[in-house]
Amino acid sequence: WGAGRGAVHGVLYGGVIASDTSIGRGRAPFFLALVDSLGVRQVYRFDRVQRVGARPVRGAMGVTGPESLQIVATRQADTVRLIIAVNDAHASRSGAVGFDRTFLQMRGRWSLSGRAGGVAVVDSGQGFFETWLRAD
């Protein structure tokens, strides 16, 4: 999940993948909500968060996080692109047996461009973003 506030809009995205096979069943498992001063302006769907680059993170030796995250989300004829430049990241390894993953918390600057209800939207701001990383 992630959330951020810009000059005019807020963004909130998230989702749950129940298993590795839940993607590809015809449903995008994630949502992105675009919010303005009147409330939710548009809710989009997307099927992945693209991680770009690698940067060291605090908290767990040998763990790297992304330099940026990219999301392309759609609703009917509308599409938005959200790009997050990661400024800081902290990793925590899971202690759960059989769940060999690392929890990554990030702060960053985001920018969004695209269309909402057929109208062009552009905004940017700061936010907080989280994800899980699989152990290699």
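When reading the values below, keep in mind they use all heavy atoms of this one structure, side chains included, and skip hydrogens, waters and symmetry mates.
In this view, Glu130 and Trp1, Gln105 satisfy the side chain to side chain donor-acceptor pair (under 3.5 Å) rule, not counting sequence neighbours. Judged as a side chain to side chain donor-acceptor pair (under 3.5 Å), and not counting sequence neighbours, the contacts of Gln42 are Arg75, Asp78. When the side chain to side chain donor-acceptor pair (under 3.5 Å) test is applied to Arg115, no partner is found at least two apart in sequence or on another chain. Here Ala85 pairs with nothing under the side chain to side chain contact (heavy atoms under 4.5 Å, CB included) rule; sequence neighbours left out. Scanning for salt bridge (Lys or Arg N to Asp or Glu O under 4.0 Å) contacts around Asp88 gives Arg58, with sequence neighbours left out. With sequence neighbours left out, the side chain to side chain contact (heavy atoms under 4.5 Å, CB included) criterion links Val121 to His9, Leu34, Arg41, Val80, Leu112, Ala116. Val122 is linked by a side chain to side chain contact (heavy atoms under 4.5 Å, CB included) to Ser113, counting only residues two or more places apart in sequence or in another chain. Not counting sequence neighbours, the partners of Thr74 by the side chain to side chain contact (heavy atoms under 4.5 Å, CB included) test are Thr79. When the side chain to side chain donor-acceptor pair (under 3.5 Å) test is applied to Thr131, the partners found at least two apart in sequence or on another chain are Arg51.
Shown here for Val57 and Ala89, the closest heavy-atom pair between the two residues is CG1-CB, 3.4 Å.
Between Phe30 and Phe46, the ring-plane angle classifies as parallel under the 30° and 60° cut-offs.
Enclosure of atom CZ in Arg107 is not indicated, since only 12 or fewer non-hydrogen atoms of other residues, nucleotides or ligands lie within 6.0 angstrom.
Cluster annotation: Val72 and Tyr13 are assigned to distinct hydrophobic clusters (Ile/Leu/Val/Met/Phe/Trp/Tyr, side-chain heavy-atom contacts under 4.5 Å, transitive). Residues Trp110 and Ile83 are members of separate hydrophobic clusters, defined by side-chain heavy-atom contacts under 4.5 angstrom among Ile, Leu, Val, Met, Phe, Trp and Tyr. Cluster membership for Leu12 and Val40, using ILVMFWY side-chain heavy atoms within less than 4.5 angstrom, is shared.
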Next item on the list: Give the intermediate values and the outcome of side-chain contact (heavy atoms from CB on, under 4.5 Å) for residues Gln126 and Asn87.
Entry: CA-CA 10 Å; Gln126 298 288 328; Asn87 297 333; 3.8 Å; yes
Next item on the list: Test Arg81 against Gln70 for side-chain hydrogen bond (donor to acceptor under 3.5 Å, both in side chains), laying out the working first.
Entry: CA-CA 7 Å; Arg81 179 181 202 90; Gln70 297 182 15; 3.0 Å; yes
Next item on the list: Output, in order, the C-alpha distance, side-chain angles, deciding distance and verdict of side-chain contact (heavy atoms from CB on, under 4.5 Å) for Leu133 and Val63.
Entry: CA-CA 9 Å; Leu133 301 173; Val63 174; 4.0 Å; yes
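At least one side-chain heavy atom of Arg109 sits under 4.5 Å from a side-chain heavy atom of Ser124. The side-chain heavy atoms of Val86 and Arg55, taken from C-beta on, include a pair separated by under 4.5 Å.
Listed for the Asp123 side chain is a donor-acceptor partner under 3.5 Å among the backbone atoms of Val8. Of the possible polar contacts, none joining the Arg93 side chain to the Phe103 backbone as a donor-acceptor pair under 3.5 Å is found.
Remark: Arg45 CZ to Leu32 CG distance equals 11.0 Å, nearest 0.5 Å. Put simply, CH2 on Trp132 and CG on Leu104 are 10.5 Å apart, with the number rounded to the nearest 0.5 Å. Interatomic distance, OG of Ser68 versus CG of Leu82, reported as 10.5 Å (0.5 Å rounding).
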